[in-house]
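Quantities reported herein were computed from a predicted structural model and do not represent experimental measurements. Residue numbers run from 1 in the order of the sequence given.
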Amino acid sequence: MLNPIDPAAVIRDGGAVGQYPGQIHEGVGWWLGACLVVTAKTSRLAVAHDGNLLSDHFAGRLCQGAINAQHYACTVRLLGKQSEEELLAEASAFQAPGAWLSTETTGDVHTVRIRLYTAQGVLLDETNGLAAIRDLIAQDRVPRPVNSNAKGEIVWWHPAPTDGARP
């Protein structure tokens, strides 16, 4: 592993959480995207964030990991800045797992949180995929692309307005 983390300390609470820089780095986003696609055996993923620039950056890395996960050719719907509830609604409509990223800043300390969900909208825990993702990362077995034909795509997605207005 080129830039190791403490998987037990970071991969927890439904995904990953840690101070940036230090406990967590951009590569963790990639790793989580690839591992979520492979452990969920999915070719679809919905991703959104809180609008923070750091969250947006980590979301981009997560999307890159997801589209490069083995042979799954995953289509990622990148929703941009959306609430966690909006992400879950779109993931459900897309029939896909989801990832929501947020960043909390206190002074000079940035805490990045990546929350991973099943296709049924259930936050990952030790019984439904999080332990498997942690193990893949701890063992340096993050899924990699098998060939260029298996690469997925990132699609910018703008959810329909809930007030009936046109986008």
Rounded distance (nearest 0.5 Å) linking atom [atom1] of [X] with atom [atom2] of [Y]:
X	Y	atom1	atom2	result
Thr75	Arg44	OG1	CZ	8.0 Å
Leu78	Leu62	CG	CG	9.5 Å
Asn52	Phe58	CG	CZ	10.5 Å
Arg12	Leu124	CZ	CG	15.0 Å
Phe94	Thr42	CZ	OG1	8.0 Å
Lys151	Gln70	NZ	CD	16.0 Å

Same cluster for [X] and [Y] if Ile/Leu/Val/Met/Phe/Trp/Tyr side chains link at under 4.5 Å?
X	Y	result
Val122	Leu88	no
Trp156	Val76	yes
Leu130	Val17	no

Less than 4.5 Å apart, any side-chain heavy atom of [X] and any of [Y]?
X	Y	value
Leu123	Arg115	yes
Val155	Glu153	yes
Asn147	His71	no

Which pair of heavy atoms, one from [X] and one from [Y], lies closest together, and at what distance?
X	Y	value
Leu79	Ala48	CB-CB, 4.0 Å
Gly29	Ile114	CA-CD1, 4.3 Å
Pro7	Ile5	CD-O, 2.9 Å
Ala91	Pro97	CB-O, 4.2 Å
Cys74	Ile67	O-CG2, 3.6 Å
Glu84	Trp100	N-NE1, 3.5 Å

When you measure from the side chain of [X] to the backbone of [Y], do you find a donor-acceptor pair of N or O atoms at a distance under 3.5 Å?
X	Y	result
Gln139	Leu136	no
Glu86	Gln82	no
Thr106	Val109	no

Are His25 and Trp31, when compared by the centres of their aromatic rings, separated by less than 6.0 Å? yes
Does a donor on one side chain and an acceptor on the other come within less than 3.5 Å for Thr118 and Asn128? no
Side-chain donor-acceptor pair present, Ser55, Thr103, cut-off under 3.5 Å: yes
Looking at Trp157, I'd like to know if the NZ or CZ of Arg77 sits under 6.0 Å from its six-membered ring centre while staying within 45 degrees of the ring's axis. yes
Pairing of Glu104 and Arg113 as salt bridge, 4.0 angstrom limit: no
What residue among Val47, Leu54, Asp50 forms side-chain contact (heavy atoms from CB on, under 4.5 Å) with Leu101? Val47
Among Leu116, Ile11, Asp135, Ile137, exactly one meets side-chain contact (heavy atoms from CB on, under 4.5 Å) together with Cys35. Which residue is that? Ile137
